[in-house]
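All chains are named by letter (A, B, ...) in the order of the sequence lines, taking the proteins before the strands, and each is independently numbered beginning at 1.
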Number of protein chains: 2
Amino acid sequence: MITNINYNHFYYFWMVSNAGSIAKASKALHLTPQTISAQISMLEQRLGKQLFIRKGRQLVLSDYGRVSKQYADDMFAIAEEWLETTQGNDTYLKTLKVGISDALPKSLVTRWLAPIINSDSNIKLTCIDGKQEELLSQLAIHKLDLLLSDTPADNSYNLKVFCHEIGKSNIGLYARHHHARELQADFPQSLNNQRMVLPGKDSPTSRAIEYWLNEQHLNVSIVSHVDDSALMKAFGKQGLGIFPAPILIRDDVKTSHEVSLIGQVSNVYQSYYLITPERMVSDTFSTRLLEQARMGESTENSAVSPSTTDD
Amino acid sequence: MITNINYNHFYYFWMVSNAGSIAKASKALHLTPQTISAQISMLEQRLGKQLFIRKGRQLVLSDYGRVSKQYADDMFAIAEEWLETTQGNDTYLKTLKVGISDALPKSLVTRWLAPIINSDSNIKLTCIDGKQEELLSQLAIHKLDLLLSDTPADNSYNLKVFCHEIGKSNIGLYARHHHARELQADFPQSLNNQRMVLPGKDSPTSRAIEYWLNEQHLNVSIVSHVDDSALMKAFGKQGLGIFPAPILIRDDVKTSHEVSLIGQVSNVYQSYYLITPERMVSDTFSTRLLEQARMGESTENSAVSPSTTDD
DNA sequence: TTCACACATCGAAAATACCGAATGATTACA
DNA sequence: TGTAATCATTCGGTATTTTCGATGTGTGAA
């Protein structure tokens, strides 16, 4: 019969290996040295290997001890984080840390998160935006609860995450009011020799649009690839070029960036994803967000022809 | 006086939350239900919060319990990995898991690792190659001990790693024997209108060479960007184009790929890095590798002019 | 050598982990 | 509806472990 290992012993071992000696650790733990000495001996006996080697009147880690300490470091770092974040106040229960890929239109994000905030008045929301890759690693180490992104989670890093589609929209092309009006007439041929601002070079949207342009035999000069969708729209607002944005948020785009829809890029969609850590499949917020997204989908994801637009 | 928390209690809590009930956990732990029940009550008392809520005759996790379980999952996953890898045989002590960025010339890697293997006959070496980004995340979760790469660790993911330069070399351009001989004469002007194969688009080497070509007013057609350095060289061997490789390994390149050095790209260097987890600064292998790299540096990192080459 | 220091060992105490028996409450099923 | 099975818990007693004081041993410094 093999007994379970005693994690308190392992904790003592960790304290000693950090303090450098049993004597120092005993002070930190409010115990006497002989107690700790005995406990560690028991752990060594259970493991069948020495953790420490006596060097002079000092204890030094054995090879095995050194390896074990690395695991202990990780383990008890988590334990301390657990106690720090959950002892005392209860805000951690009501704080939702959401990562937002900077390629996402902010008005869409608002649309997704607003109902959640409104439904439960004492939720604290923390938003962090950045590139999907950065945010994914944050998600993996529990610094984030959710991640909203325009690209599905690639598991090239072997992180355990779930990816749910929460929205889909056709892409429209926008330009300043008078400019858009000119281009609407002969869309999409009118785009020829126009200037254009696109999202990041590696984004699926950017690639899809470039493919579409090629397919339509349109020759446009792409003046810039911009990772941040807000910045891209700001460029467009300044008249630097035509820019794409989801049809789904055309009203927002029109009013806040003073532009008009020229037309719709046929057969090009942008999808949006909610990425959650594997463990959290039954999380309250995520499920609510998914439900809401699914509801919205049926009513709002309607393709629009350029003729129905106005400004 | 606040007592330390009892990690064995936490372990019982984890077992119960996994098993779904105290009854099932008690079987797995070879204990009676009342024991576990009492221990968990003690833990709850110590924490000042309920972990479970009675729902019928079942226990369900409270909000606080759910959060705590996530920490427990992480903690004891590490603990189990610790026991799995260190119990039983002692090979873990002698197994060095090295990640190798696929952009690295394999002959350089061999050169670095060979002396280590030879010096200690019972070392087991495990090599894993892939993109630096993938390997970095592996390093962070202890799946790798070291990482050899041609790009320094960018800490855009907030992983705790150390980065040491272990080598540096000028870049040379290579082509098939007869082709190289033709081009040597008027190098670098002779490169005009030649075809070229380069490493990955985002690699510093690739960028540096493209910049250099521009600077020299050379117009070459880049037929391909290849992430894997071996594949790039294979392309070059097939005569698809001129390709770059470190001067440091010119002899290897010449013999194994049946090509000759055309000339050296002035002022373009490639550096090589050893990336280690923060915890492992005093690791035996790493220090030895660093020492050896430093020794090699003084003798081997000599720039070579194209005139001194032969084939 | 002597002293101070650090860890280990021993034996007794206090603390606690554990179990058997019994209770109450819930669910499954006849 | 009633009965049996299941599950968590409470209580009291026992076994084990944890802890400490006293003591021993080896080390390094004065």
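B/Asp145 places no side-chain N or O within donor-acceptor distance of the main-chain N or O of B/Val98, the cut-off being under 3.5 Å. Counting only distance, with no hydrogens or angles, the side chain of A/Ser149 and the backbone of A/Ser101 share no donor-acceptor pair below 3.5 Å. The main-chain N or O of B/His9 is never found under 3.5 Å from a side-chain atom of B/Gln39 such that the two would form a donor-acceptor pair. A/Ser37 contributes no side-chain N or O that, together with a main-chain N or O of A/Pro33, makes up a donor-acceptor pair within less than 3.5 Å.
If you take CG on B/Leu148 and CD1 on B/Ile166, they are separated by 5.0 Å, rounding to the nearest 0.5 Å.
Aromatic ring centres of A/Phe10 and B/Tyr7: separated by at least 6.0 Å.
In this view, A/Ser41 satisfies the side chain to side chain donor-acceptor pair (under 3.5 Å) rule with no residue, not counting sequence neighbours. Not counting sequence neighbours, the partners of B/Asn8 by the side chain to side chain donor-acceptor pair (under 3.5 Å) test are A/Asn6. Partners of B/Asp102 according to the salt bridge (charged side-chain N to carboxylate O under 4.0 Å, His left out) rule, which considers only residues two or more places apart in sequence or in another chain, are B/Lys131.
Residue A/Tyr7 contributes atom OH, which lies 15 Å from atom P of D/dT18 at whole-angstrom precision. Atom pair B/Leu51:CG and D/dA8:C1' shows a separation of 15 Å (rounding to whole Å applied). Rounded to whole angstrom, the span from the CD atom of A/Gln58 across to the C1' atom of D/dA29 amounts to 14 Å. Regarding B/Leu43, its CG atom lies at a distance of 13 Å from the P atom of D/dT9, rounded to whole Å. Rounded to whole Å, the distance from CZ on B/Arg57 to P on D/dT9 is 14 Å. Following rounding to the nearest Å, A/Arg54 (CZ) and D/dT27 (C1') show an atom-to-atom distance of 8 Å. Atom CZ in B/Phe52 sits roughly 9 Å away from atom P in D/dA8 (whole-Å rounding). Rounding to whole angstrom units, OH of residue A/Tyr11 and P of D/dT17 are separated by 22 Å.
Residue contacts shown for A/Tyr12 are limited to sugar-phosphate atoms, with no base heavy atom under 4.0 Å away. At a threshold of 4.0 angstrom between heavy atoms, the contacts of B/Ser21 are confined to the sugar-phosphate backbone, with no base atom among them.
Considering all non-hydrogen atoms of both residues, B/Leu248 and B/Ser169 come closest at N-OG, 3.0 Å.
The rotation axes computed at either terminus of the helix from C/dT1-D/dA30 to C/dA12-D/dT19 lie 10° apart, taking five pairs at each end and rounding to 10 degrees.
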Fill in: Test log, rule side-chain hydrogen bond (donor to acceptor under 3.5 Å, both in side chains), inputs B/Thr151 and B/Gln132
CA-CA 8 Å; B/Thr151 42; B/Gln132 198 220 32; 3.3 Å; yes
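Of the residues in residues 33-41 of chain A, A/Gln34, A/Ser37 come within less than 4.0 Å of DNA chain C through at least one heavy atom, sorted by number.
Residue A/His9 places at least one side-chain N or O under 4.0 Å from the OP1 or OP2 atom of D/dT18.
Of all nucleotides in DNA chain C, those with any atom nearer than 4.0 Å to a heavy atom of chain A start and finish, going 5' to 3', at C/dA4 to C/dT9.
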